[in-house]
There are 2 protein chains.
Amino acid sequence: MTFMTAARTTPADRPAMGLRERKKIKTRQAIRTATYALIEEQGYDATTIEQIADRAEVSPSTVFRYFPTKEDIVITDEWDPVMLAEVRARPEDESWADVLRHVMRTALDLSLAEEPEVTRLRTRLAVEVPAVRARMIESMSATGRLLREALAERSGLDPDSLELRVFAMSVMGGLMEVSHYWAETGHRDDIRELVDRALDVLEKGLPTQKP
Amino acid sequence: MTFMTAARTTPADRPAMGLRERKKIKTRQAIRTATYALIEEQGYDATTIEQIADRAEVSPSTVFRYFPTKEDIVITDEWDPVMLAEVRARPEDESWADVLRHVMRTALDLSLAEEPEVTRLRTRLAVEVPAVRARMIESMSATGRLLREALAERSGLDPDSLELRVFAMSVMGGLMEVSHYWAETGHRDDIRELVDRALDVLEKGLPTQKP
DNA sequence: CCATGAAATGAGAGTAGCTCTCAAAAGGTA
DNA sequence: TACCTTTTGAGAGCTACTCTCATTTCATGG
């Protein structure tokens, strides 16, 4: 779910870490922050890795050591394991749509509470910058694989079957479109509500369809 | 539907064109042919624009004049208008799933008949090369917009509504996964059959789902 | 508290995709 | 043949990204 904000480090693992790891996290965050700021100021394309490195006070080499591509600086997230756990925690007899509804809401609430502007920036960039959108979809299909696993456990179907694969990707495609819609309409709507409506469509098909 | 083979020029418009336009088409085709050949020989990444230009006997500048990116040389297609017309030609009362079934079959038959190897190469590259996959999904969402239009006409729903957008993209996501599945399993299956199964899932949901 | 090893960083060179500009060549027209 | 337009090639330039190697920074055991 790349359009959500990246999770911060939980306070729990702070004391256990040495100086080294703490510095790494700080650097990572510095690069991201610098990138977001520069993009807000000048736009995505006009922002170069060199500028990012300068503002984050690291070398360009270091930027690439932390993020494989420029797009990844923007879209990387660490939510997948969280969401997978969330799925597993839902009751056995709940429908997949309700499971997703619940999981998405939890994730969105967290994300919007932590860094609402970043969440919005991300979705906006996904609409405006093809490369970012591409990378985002890419990571979405990774999430799709996880969703497949989860659905396989619940439905008893083979996770590698065409049916489950198609199903999972169609759900992801639909959810992706929600993020797009949200950004394109200027983030006016409540995205949680949009997600609910999308899941209705995915569950029950188009409304008021001709017989 | 980027995983299908690009349509050749129909014989009809051959005589009407001057030398200039005929040359352009030949150049375009030369670049594509050179690209496919080089990729088969050395792989996608190892193939540079310079090599492509050399083999196609044009300059690198010209390659970029014909195709905006390297990926586009591989995935560009001209099927969308054809498919849209095909959709419009289907009877009013046919379900969207049947419409898609029909249209997809027509397109696939054409594509497989004309250049089966290219069709396979494309789907394989979409699995193996992230950049190609990204570009392919990109063009898929353009097709998604067309599908939306078509579905709007049939259902009477607003083509810009969240519901229709989500629906169209979920269908495209599902169909995309078919292409992936096909390539990942070594093109062993009959893709027309895979498409049918996928549309069943999209229409009726997962089979044998727990109540 | 210091020496030794490991990990992180920076500097710099190199590749390739892609853009832009401008002059030469080829096609169309009268 | 002469003139205009379109297409092409040559080349310079930018930037994302990779790789290598020397230097610095942290961790650790004596």
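Lettering follows sequence order; numbering is per chain, from 1. Computed from a predicted structure; not experimentally measured.
- For W182(A) (side chain) and D189(A) (main-chain N/O), a donor-acceptor pair under 3.5 Å exists by modelled atom type.
- Each of T69(A) and T62(B) was matched to the nucleotide of DNA chain D holding its nearest heavy atom; the match closer to the 5' end belongs to T62(B).
- For the pair Q42(A) CD and dT15(D) P, the computed distance is 11 Å after rounding to whole Å.
- Ion pairing of D98(A) with R90(A) is absent here, as no side-chain N (NZ or NE/NH1/NH2) approaches a carboxylate O to less than 4.0 Å.
- T69(B) and D72(B) share a side-chain donor-acceptor pair at under 3.5 Å.
- Sparse packing is recorded around CD of E50(A), with 12 or fewer heavy atoms of other residues, nucleotides or ligands lying under 6.0 Å away.
- Distance CZ (F64(B)) to C1' (dG11(D)): 14 Å, rounded to an integer number of Å.
- When only modelled atom types and interatomic distance are considered, T123(B) and S179(B) share no side-chain donor-acceptor pair under 3.5 Å.
- Here chain B contacts DNA chain C (any atom closer than 4.0 Å to a heavy atom, that is under 4.0 Å), and the contacts span dG17(C) to dG28(C) from 5' to 3'.
- Comment: E149(A) does not engage R88(A) in a salt bridge, judged by the lack of any side-chain N to carboxylate O separation of less than 4.0 angstrom.
- Rounded to an integer number of Å, the gap from CG of D72(A) to C1' of dC17(D) is 12 Å.
- Contacts of F67(B) with the nucleic acid, taken as non-hydrogen atoms under 4.0 Å apart, are absent.
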- Reading nucleotides 19-30 of chain D from the 5' end, what letters show protein touch, with B for base, S for backbone sugar-phosphate only, - for no heavy atom under 4.0 Å? ------BBS---

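- Along DNA chain D, the nucleotide nearest Y44(A) and the nucleotide nearest S59(B) are compared for position; the residue whose nucleotide lies closer to the 5' end is S59(B).
- Between E203(A) and R101(A), at least one side-chain N (NZ, or NE/NH1/NH2) sits under 4.0 Å from a carboxylate O, which counts as a salt bridge.
- Counting to the nearest Å, the C1' atom of dT18(D) and the CG atom of D45(B) are 13 Å from each other.
- The closest donor-acceptor contact from the side chain of K70(A) to the backbone of T47(A) lies under 3.5 Å.
- To the nearest angstrom, P of dT7(D) lies 12 Å from CD1 of I25(B).
- Atom NZ of K70(A) is separated from atom C1' of dC17(D) by 12 Å (rounded to the nearest Å).
- Summarising the geometry, the separation between CZ on R28(B) and P on dT8(D) is reported as 12 Å, rounded to the nearest angstrom.
- Remark: E41(A) engages R55(A) in a salt bridge, criterion side-chain N to carboxylate O under 4.0 Å.
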